[in-house]
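Below, read A as the first sequence line, B as the second, and so on, with proteins coming before strands; counting in each chain starts at 1. Everything numeric in this text was worked out from a predicted model, so none of it was measured.
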2 protein chains.
Amino acid sequence: MKRITIEDIARECNVSKSTVSRVLNNSPHVKSSTRKKVLEVMKKYNYTPNILARGLIAKKIGALGVIVSDITNPFHSLLVRGIGDICRTYGYSLFLCNTDGRVDEEIKHVRSLIQRSVDGIIFASIKLKDEGLEEAKKSGIPILLVGRLPEKEEGFNYVIVDNELGGYMAVNYLISLGHRKIAYLSGPWDTWPNIRRFEGYKRALEEAGLSIDKKYIFKGDFTLDTAYSIGTKILMMRDRPTSVFCANDMSAIGLLEACMELGVKVPEEMSIIGFDDIPLSSFRTIQLTTVSQSIYDQGALAGKILLEKLQNEDNTPTQLTLPPKLIIRKTCAPPKEV
Amino acid sequence: MKRITIEDIARECNVSKSTVSRVLNNSPHVKSSTRKKVLEVMKKYNYTPNILARGLIAKKIGALGVIVSDITNPFHSLLVRGIGDICRTYGYSLFLCNTDGRVDEEIKHVRSLIQRSVDGIIFASIKLKDEGLEEAKKSGIPILLVGRLPEKEEGFNYVIVDNELGGYMAVNYLISLGHRKIAYLSGPWDTWPNIRRFEGYKRALEEAGLSIDKKYIFKGDFTLDTAYSIGTKILMMRDRPTSVFCANDMSAIGLLEACMELGVKVPEEMSIIGFDDIPLSSFRTIQLTTVSQSIYDQGALAGKILLEKLQNEDNTPTQLTLPPKLIIRKTCAPPKEV
DNA sequence: ATTTTCAGTGTAACCGATACCAGGTGAAAA
DNA sequence: TTTTCACCTGGTATCGGTTACACTGAAAAT
């Protein structure tokens with residue numbers, strides 16, 4: 001079926017296509033009777049302008065790209081949902097790119113987004129050194145980072161929550177319950193969220209006058225299965241910690257599973273606190289105490305900031321650090337021995 | 001930063017842009033020395049053709065749109081991941097559209113995808129009567145449906161699993177374990193998956209000579225919370241069923257939670273079987289017996305079929321019905337009384 | 001009465017590619 | 001020596017819009 005073009009509309013109205021274009025763009029210099037007629041004909045033929053033709057001149061297409069490692073990850077799907085909803089209200093479309101954490105894929109996606117003249121790119125899972133990010137920066141397309149930061153964060157727009165503070169709050173909460181033996185189950189070690197959360201962990205311990213004990217630091221990778229197997233090890237060690245701050249909720253849930261498997265009662269015999277507050281954490285059977293990132297809101301805010309910036313052609317970087325929130329549910333309690 | 005255009009390359013090479021275009025499109029009629037030079041200059045300037053300009057002529061942009069109700073739903077995120085991965089291997093981009101199950105949003109998204117000249121649209125959560133689908137059909141853009149079908153399915157491309165058979169297999173399995181009082185916890189009633197699964201339920205009961213007892217039919221909506229509250233009702237009724245076929249995994253998990261809350265042992269006192277096999281179902285603490293839809297594969301296959309169809313300009317509808325798979329885990333056992 | 005202003009519209013160039021047609025070249029065939 | 005023809009290459013229209021500029025005629029200003 002042939003698409004209706006601006007020329008078809010113009011012919012039908014006995015005007016030139018520039019006049020139709022003016023109506024399309026709400027130019028004030030159109031006689032109201034002409035405008036009315038044009039609008040009528042447009043409606044009659046159900047006409048919508050071709051965005052590609054428009055974009056060719058404007059060098060933008062009313063679309064953002066969002067780059068995540070894996071949309072299947074509930075953190076990312078919530079974030080993308082937030083971004084997507086905002087895009088919709090601004091009339092923008094959204095390209096979804098999964099990288100699987102691979103730099104080459106990320107670069108490919110970035111190039112393809114640039115080729116498509118997207119108006120902006122949101123990076124949700126950059127690494128500390130990120131070539132894809134560099135590539136995008138060179139292109140001059142507005143960029144915004146959510147959730148995590150690269151090594152050199154200067155000049156970038158970003159929306160994050162204060163991960164250090166979140167870690168601090170989590171561990172402080174455990175300390176306030178009376179815990180002294182507090183373990184840390186990490187995420188991928190050289191990763192921004194892990195580094196920041198671990199710093200919060202250390203600060204809380206230091207302020208409480210507790211020493212950081214290497215035997216209580218466990219290297220995980222944010223996945224359930226790894227956390228499960230590390231969890232079984234933690235539970236079987238001789239001077240077992242009374243509580244574990246897990247670098248993310250998935251890890252916490254893996255640990256929780258290990259506890260169930262080994263008959264260790266949570267929270268009576270083991271307190272567990274996570275980070276992120278993914279939907280799963282609030283399940284009745286899990287009820288994980290955790291630090292909330294307000295993921296959906298973070299995504300929505302990120303989208304909003306970038307889109308506003310595009311509309312106002314504002315090039316000054318907006319850098320937003322949101323406060324985390326402690327969500328107390330049922331996996332933490334005072335330690336038994338105290 | 002100004003983008004390099006085909007003209008810049010042509011000038012630098014002292015050839016016309018048609019020649020550059022020929023190189024770009026692998027035309028055989030280019031002297032190999034010329035081609036070499038052009039390719040060098042293209043590489044030197046890191047040139048990539050502007051997809052919008054290209055798309056304006058070709059009337060396509062190398063992108064698909066996928067319409068889901070909510071990417072946060074694990075079923076959809078897996079499906080989209082499968083579609084996205086295939087798109088990537090074919091060099092296509094993917095527009096993500098969330099409708100929240102609202103028809104008006106769906107129509108808006110469809111229109112916007114048409115405006116953007118996407119090459120094809122994949123619908124993942126259409127309704128029985130779907131105006132958005134109609135709108136897309138009128139536009140002539142190739143369409144493919146995954147996961148569920150509309151009332152009139154003629155002429156559409158689709159990839160689904162046999163939901164009726166899945167329901168049949170699930171219930172048959174319960175029957176084979178010795179269950180006679182088998183309840184059905186439905187999804188949204190007038191919905192394709194629910195209708196088909198319920199039909200499977202009925203067929204299995206009929207073939208086994210069991211009557212369909214209205215008091216064992218419960219109307220849910222695919223959500224955890226509804227299933228939980230219905231679950232508590234089911235567990236407290238006097239002539240309680242010994243097993244429940246839940247229309248999806250989320251409902252099954254809601255019921256599972258209700259059982260835990262009320263101290264009903266699963267599977268000893270209550271057998272539960274779900275449908276979908278979302279990742280959550282295989283968690284160690286859940287171990288839900290269910291009917292697998294191979295969601296990721298379904299998405300990948302759907303994407304592949306549509307993309308192949310686009311490349312071959314094949315207009316005959318491909319209609320694929322995949323077999324479901326029974327995944328036996330730990331929530332089903334023979335009933336106590338037998 | 002003459003000039004200025006400006007609302008309302010058309011013309012044509014342009015965005016960055018593709019595609020068709022035609023022209024030029026040189027080697028092989030006549 | 002001329003013709004033929006395959007092989008390259010350039011010119012130009014085109015896709016569907018936007019936009020700078022020019023033009024018209026009527027109202028406002030002088």
Exercise. Touch check for B:T5, heavy atoms < 4.0 angstrom, all strands: base, sugar-phosphate only, or nothing?
Worked result: sugar-phosphate

For this session: Tell me what B:V15 touches on the nucleic acid: a base, only sugar-phosphate, or nothing, going by heavy atoms under 4.0 Å.
Result: sugar-phosphate

For this session: Could you point out which residue of B:V23, B:V38, B:N25, B:V15 forms a side-chain contact (heavy atoms from CB on, under 4.5 Å) with B:V30?
Result: B:V23

Seminar exercise, completed: Result for side-chain contact (heavy atoms from CB on, under 4.5 Å) between A:I126 and one of A:L133, A:V146, A:I67 points to A:L133

Without decimals, in angstroms, what is the distance between [X] [atom1] and [N] [atom2]?
| X | N | atom1 | atom2 | answer |
| --- | --- | --- | --- | --- |
| B:L56 | D:dA13 | CG | P | 17 Å |
| B:K31 | D:dA6 | NZ | C1' | 14 Å |
| A:M42 | D:dG16 | CE | C1' | 15 Å |
| B:H29 | D:dT9 | NE2 | P | 11 Å |
| B:K36 | D:dC8 | NZ | P | 16 Å |

Seminar exercise, completed: To the nearest 10 degrees, the angle between the two end axes of the helix from C:dA1-D:dT30 to C:dA30-D:dT1 (five pairs per end) comes to 60°

Problem set entry | Where chain B begins and ends its contact with DNA chain C, read 5' to 3' at 4.0 Å from heavy atoms | C:dG16 to C:dC20

Exercise. With no hydrogens and no angle check, do the side chains of B:S93 and A:S112 hold a donor and an acceptor under 3.5 Å apart?
Worked result: yes

